[in-house]
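Working notes, beginning with the structure itself.
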Amino acid sequence: LDLTRQAVGPSWAERESYEAILSVIDGQTRLLSQELPTAQVNIWDRNNEIQSILDSKAMEIFVWRGEIENDVHRTSSDEYFRTAAGREALGRVLLAFAYNVPSIGYCQSFSFLAAQLLVVCDKQEADAFFLLSAVVEVLLPTDYYTENMSGIMVDLKLFDILLGRENAVLHEHLDALTEPNEPPFFFAFVSQWFSTLFVNFLPPATALRVWDAFFCEGHIVLFRVALAVMSILQADLLGASDAVDCYDIMQKKARQLAEESGGDMGDPDRFMAIVQATMCPDSLDALRAQVIADEQNKVGPLAQAFHVPRRK
């Protein structure tokens, strides 16, 4: 927490407090409850009666709250989030972030990030809120969680380049199994890894070691970890005869390895040793800038980058 405060600088770290944001949200929520009709209303019906409400900050809070409440029930296996107090705390952190950064609002990945942060911050909501804001607004590239998620799109392309450079044999094999004019099938996995900082993929103890490295070394760690995972799966992937097999390996075999306490992913020390040994440039700034320049007219909605292979 202290390291992050130093990294983001005092002016950013001393922005409006978490408590002040919650106070504003409570006021807007009361305003909305007074303005909405007592009967159920189709909030997407933009008639004259609720036009002003739909366009208000209070309405944004209403929509975000509904999305968040749907997600907090399935966010984490930690016992704390099975309680009403845990779910309410998580909901407050997520709603405060959405309100404070309306250009991004809420996205499902945030619930996994915020839940992990609440656990490591000993349930201190203000600290978890601060760190979530730092991760999204400072530590990760811009546009990671915007509507078209162009930041992740750039990083997927960048990861594809790095995989080709650092593991040419595996990259060539996977490329040969990818259907013509389709993006690499592993983009669907890597985007989830990056957007949740691997918390949804790696065992908790291993994921926390990755987070330690991420907060200390920055977003380049995500590429090292992803390259390490691909190297761990390499033997199985090279034995795959088609993209469907590869997809199953990355979905099922990877999960199996993650659940083995003494395996390459289940043992934090062993996994981080593999990560540290992974070849990756010390800085990706120049290469990332080149990818952005090359792809600026090609980056589209994230869904267009994902292809789930199916046998015909």
Side-chain angles (χ1 to χ4, degrees), residues 1-38 41 43 50 52-76 78-140 142 144-147 195-197 199 211 215:
L1 182 62
D2 291 339
L3 183 66
T4 305
R5 290 189 186 280
Q6 295 173 16
V8 301
S11 60
W12 190 91
E14 295 172 3
R15 299 180 308 170
E16 192 171 15
S17 72
Y18 176 68
E19 291 75 13
I21 293 170
L22 289 184
S23 177
V24 173
I25 290 174
D26 287 342
Q28 293 285 348
T29 301
R30 286 193 297 273
L31 174 64
L32 183 63
S33 65
Q34 294 169 3
E35 292 186 6
L36 277 174
T38 55
V41 176
I43 63 171
I50 60 171
S52 61
I53 301 175
L54 281 165
D55 292 335
S56 71
K57 193 73 173 181
M59 198 63 215
E60 287 184 332
I61 293 172
F62 180 80
V63 175
W64 287 329
R65 191 189 298 275
E67 295 175 356
I68 290 168
E69 287 177 352
N70 286 334
D71 288 342
V72 294
H73 293 277
R74 54 177 180 261
T75 291
S76 173
D78 190 278
E79 190 66 30
Y80 178 53
F81 299 107
R82 297 177 185 175
T83 68
R87 292 192 295 270
E88 289 168 3
L90 178 57
R92 284 191 294 270
V93 171
L94 293 170
L95 191 57
F97 177 86
Y99 181 87
N100 203 42
V101 191
S103 60
I104 298 177
Y106 171 72
C107 115
Q108 193 176 48
S109 297
F110 295 163
S111 62
F112 300 101
L113 298 177
Q116 186 68 68
L117 290 169
L118 275 168
V119 171
V120 299
C121 290
D122 197 23
K123 305 173 187 175
Q124 297 299 307
E125 294 177 33
D127 290 343
F129 166 76
F130 166 78
L131 288 173
L132 177 63
S133 301
V135 167
V136 176
E137 297 183 80
V138 180
L139 300 179
L140 287 173
T142 56
Y144 236 59
Y145 301 101
T146 50
E147 187 174 355
S195 65
T196 63
L197 306 187
V199 74
W211 281 37
F215 277 99

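All figures in this text were calculated on a predicted structure; none of them were measured in a lab. Below, each value reflects all heavy atoms present in this structure, side chains not excepted, and no hydrogens, waters or symmetry copies.
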(message) Taking side chain to side chain contact (heavy atoms under 4.5 Å, CB included) as the definition, give me every residue that meets it alongside T83, ordered by chain and number, with sequence neighbours left out.
(response) Y80, A85
(message) Is there a side-chain contact between V136 and V101 in this structure, where contact means two heavy atoms from C-beta onward sitting under 4.5 Å apart?
(response) no
(request) Hey, could you give me the OG/CD distance between S103 and E147, rounded to the nearest 0.5 Å? (result) 12.0 Å
(request) Could you tell me whether the side chain of D71 reaches within less than 4.5 Å of the side chain of Y106, counting heavy atoms only? (result) yes
(message) Checking E69 now: which residues fulfil side chain to side chain contact (heavy atoms under 4.5 Å, CB included) with it, not counting sequence neighbours?
(response) R65
(message) Show me the pairs that pass salt bridge (Lys or Arg N to Asp or Glu O under 4.0 Å) and involve residues 81-100, at least two apart or across chains.
(response) E79-R82, R92-E125
(message) Strictly distance-based, threshold 3.5 Å: is any side-chain N or O of W211 a donor or acceptor partner for the main-chain N or O of L197?
(response) yes
(message) E19: which residues meet the side-chain hydrogen bond (donor to acceptor under 3.5 Å, both in side chains) condition with it, sequence neighbours left out?
(response) none
(request) Indicate whether any N or O donor in one side chain lies under 3.5 Å from an N or O acceptor in the other, for N100 and Y18. (result) no
(request) List for me each residue that meets side-chain hydrogen bond (donor to acceptor under 3.5 Å, both in side chains) alongside T196, sequence neighbours excluded, and say none if there are none. (result) none
(message) Do Y144 and I104 make a side-chain contact, defined as non-hydrogen atoms from C-beta onward lying under 4.5 Å apart?
(response) no
(message) Which label fits F110 and F97: parallel for a plane angle under 30°, tilted from 30 to 60°, or perpendicular past 60°?
(response) perpendicular
(request) List the steps and the verdict of side chain to side chain contact (heavy atoms under 4.5 Å, CB included) for F81 and V72. (result) CA-CA 8 Å; F81 299 107; V72 294; over 6 Å; no
(message) Quick one, S111 and L94 - any side-chain contact, counting heavy atoms below 4.5 Å?
(response) yes
Would you mind writing out the side-chain donor-acceptor pairs for residues 113-124 within the sub-3.5 Å range, not counting sequence neighbours?
none

(message) The test is side chain to side chain contact (heavy atoms under 4.5 Å, CB included); show your working for V135 and F215 and say whether it passes.
(response) CA-CA 9 Å; V135 167; F215 277 99; 3.7 Å; yes
